Amino acid sequence: MDFKLSEMQQDIANLAKDFATKKLAPTVKERDEKEVFDRSILDEMGSLGLLGIPWEEENGGVGADFLSLAVACEEVAKVDPSIALSFEVHTMLCSWPIWKFGTAEQKQKFLKPLAEGTKLGAFGLTEPNAGTDALNGSTTAVKEGDYYILNGSKVFNTNGGEADVTVVFAATDKSKGAKGMSAFILEKGMEGFTYGKEEIKMGIRASVQRELVFQNVKVPAANLLGKEGEGFKIAMMTLDGGRVGVGAQALGIAEGAYNEAVKYAKERVQFGKPIATKQAIAFMLADMKLKIETARLAVYKAAWKMGQPDVKSYSMDASIAKKYASDIAMEVTTDAVQVFGGYGFTREYPVERYMRDAKITQIYEGTNQVQQMIISGSILR
Ligand code: CAA
């Protein structure tokens, strides 16, 4: 066992850190306040190779691994959790299923531009009445000749309205349950594919979540991803990887808030000494660090396992990483606000933003209660 990142993994972490520090840090506060998603940031990440980290060169990638992707996501989230989310959804939830289940033609047409960053990706599963119960959606796809006709809608779609490529799930035969859902690759601009309500949120405000609407969208049969009836399995396997990404994002959020708290505790003087010299604060910092380092082990292990060819399933590892890292992100960011005292509650300092951004990591890509279902299911199976 080796706990050291390889030279390639460290290089990618440094690249992401440099980008986050120089490009994201100066504007992160403003983008959060204005609640705007800046697509040009993702374009720039693409030109640096950050959107194609784990894919082979022939697929437009840089030929690295999932641990490299996790550390890049962590570095971006330390500075800007909203951009880390767009990055994670693009890579883990849109590119991954095309890489895993796509035909050679689909990889050339969709994965390559996604990896090179000339196209942006999204993933459409959740519906107004089908969140945790993901199988119970009402979007349908009916085969007509060489096309499938899609009708329905999706909500909370990250990168929605911006994405050029969206992996969408629809029932092809409701009577078959989990074997009656199929996955499709939709392109922006397809006739009948429009956008609805944009969400106004507590956190991750510099990312976009929008409703997708499908009214008789004619999707070529060539855009079916995997086989008909494989959609639910594809969605679940995709979310396994996505949860590793959310774990990395949550880890980065916790570290970002912790770094601010340490800096402030060393500078802020009360009773004639920096507050970091007071045991009440020092012990809080110690517990924050302890939680971050243990979350790192869970996230890195799941990311490593994801890339091992002999590993059959990493569902439980992904759920452990996602649940633990998001829970500690909430705890660490809340404690960071506490270290700042009254100032932590103001928008002058970034810790309130980290706390708002942390909350969603306990909810999306499966609530933490869903992760408990998956972990307990794996133990008791
Ligand atoms: N890998 C492969 N197959 C899997 C699987 C996995 N990880 N998980 C389940 N399956 C298969 C099962 O083996 C089963 O197949 P068989 O019928 O052949 O046995 C089939 O799928 C059905 O499985 P379950 O009976 O376990 O399914 P369920 O309906 O009880 O649901 C669940 C289980 C875990 C609750 C699942 O529905 C789930 O994960 N829900 C949460 C959905 C979610 O995470 N949504 C987030 C959307 S993305 C997002 O958050 C937006 C964003 O922008 C970030």
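Note that this is a predicted model, so its numbers are computed, not measured. Count residues from 1 along the sequence. One-based numbering, in listed order, for ligands and for the atoms of each.
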Quick one: list whatever passes ring pair (Phe, Tyr, Trp, His ring centres under 6.0 Å) with Phe123, sequence neighbours left out. Phe169

The complete set of side-chain hydrogen bond (donor to acceptor under 3.5 Å, both in side chains) pairs with one or both residues in residues 370-381, sequence neighbours excluded, reads Ser319-Gln371

Just grab all the side-chain hydrogen bond (donor to acceptor under 3.5 Å, both in side chains) pairs involving residues 69-84, residues at least two apart or on different chains. Arg31-Asp80, Glu74-Arg296, Glu74-Tyr300, Glu75-Lys78

Give a yes or no on whether a salt bridge exists between Asp164 and Lys188, defined as a side-chain N under 4.0 angstrom from a carboxylate O. no

Parallel, tilted or perpendicular for Trp55 and Trp99, by the 30°/60° rule? tilted

According to the interplanar angle, ranging from 0 to 90°, do the rings of Phe101 and Trp96 count as parallel (below 30°), tilted (30 to 60°) or perpendicular (above 60°)? perpendicular

For ligand 1, output the ligand-protein N/O contacts shorter than 3.5 angstrom; if there are none, return none.
{"residue": "ligand 1", "atom": "7 (N)", "partner": "Asp240", "partner atom": "OD1", "Å": "3.4"}
{"residue": "ligand 1", "atom": "7 (N)", "partner": "Asp240", "partner atom": "OD2", "Å": "3.0"}
{"residue": "ligand 1", "atom": "7 (N)", "partner": "Ser315", "partner atom": "OG", "Å": "3.2"}
{"residue": "ligand 1", "atom": "17 (O)", "partner": "Lys179", "partner atom": "NZ", "Å": "3.4"}
{"residue": "ligand 1", "atom": "18 (O)", "partner": "Lys179", "partner atom": "NZ", "Å": "2.6"}
{"residue": "ligand 1", "atom": "37 (O)", "partner": "Thr132", "partner atom": "O", "Å": "3.2"}
{"residue": "ligand 1", "atom": "39 (O)", "partner": "Arg243", "partner atom": "NH2", "Å": "3.1"}
{"residue": "ligand 1", "atom": "40 (N)", "partner": "Thr132", "partner atom": "O", "Å": "2.9"}
{"residue": "ligand 1", "atom": "44 (O)", "partner": "Arg243", "partner atom": "NH2", "Å": "2.9"}
{"residue": "ligand 1", "atom": "44 (O)", "partner": "Gly366", "partner atom": "N", "Å": "2.9"}
{"residue": "ligand 1", "atom": "50 (O)", "partner": "Glu365", "partner atom": "N", "Å": "2.7"}
{"residue": "ligand 1", "atom": "53 (O)", "partner": "Thr158", "partner atom": "OG1", "Å": "2.6"}

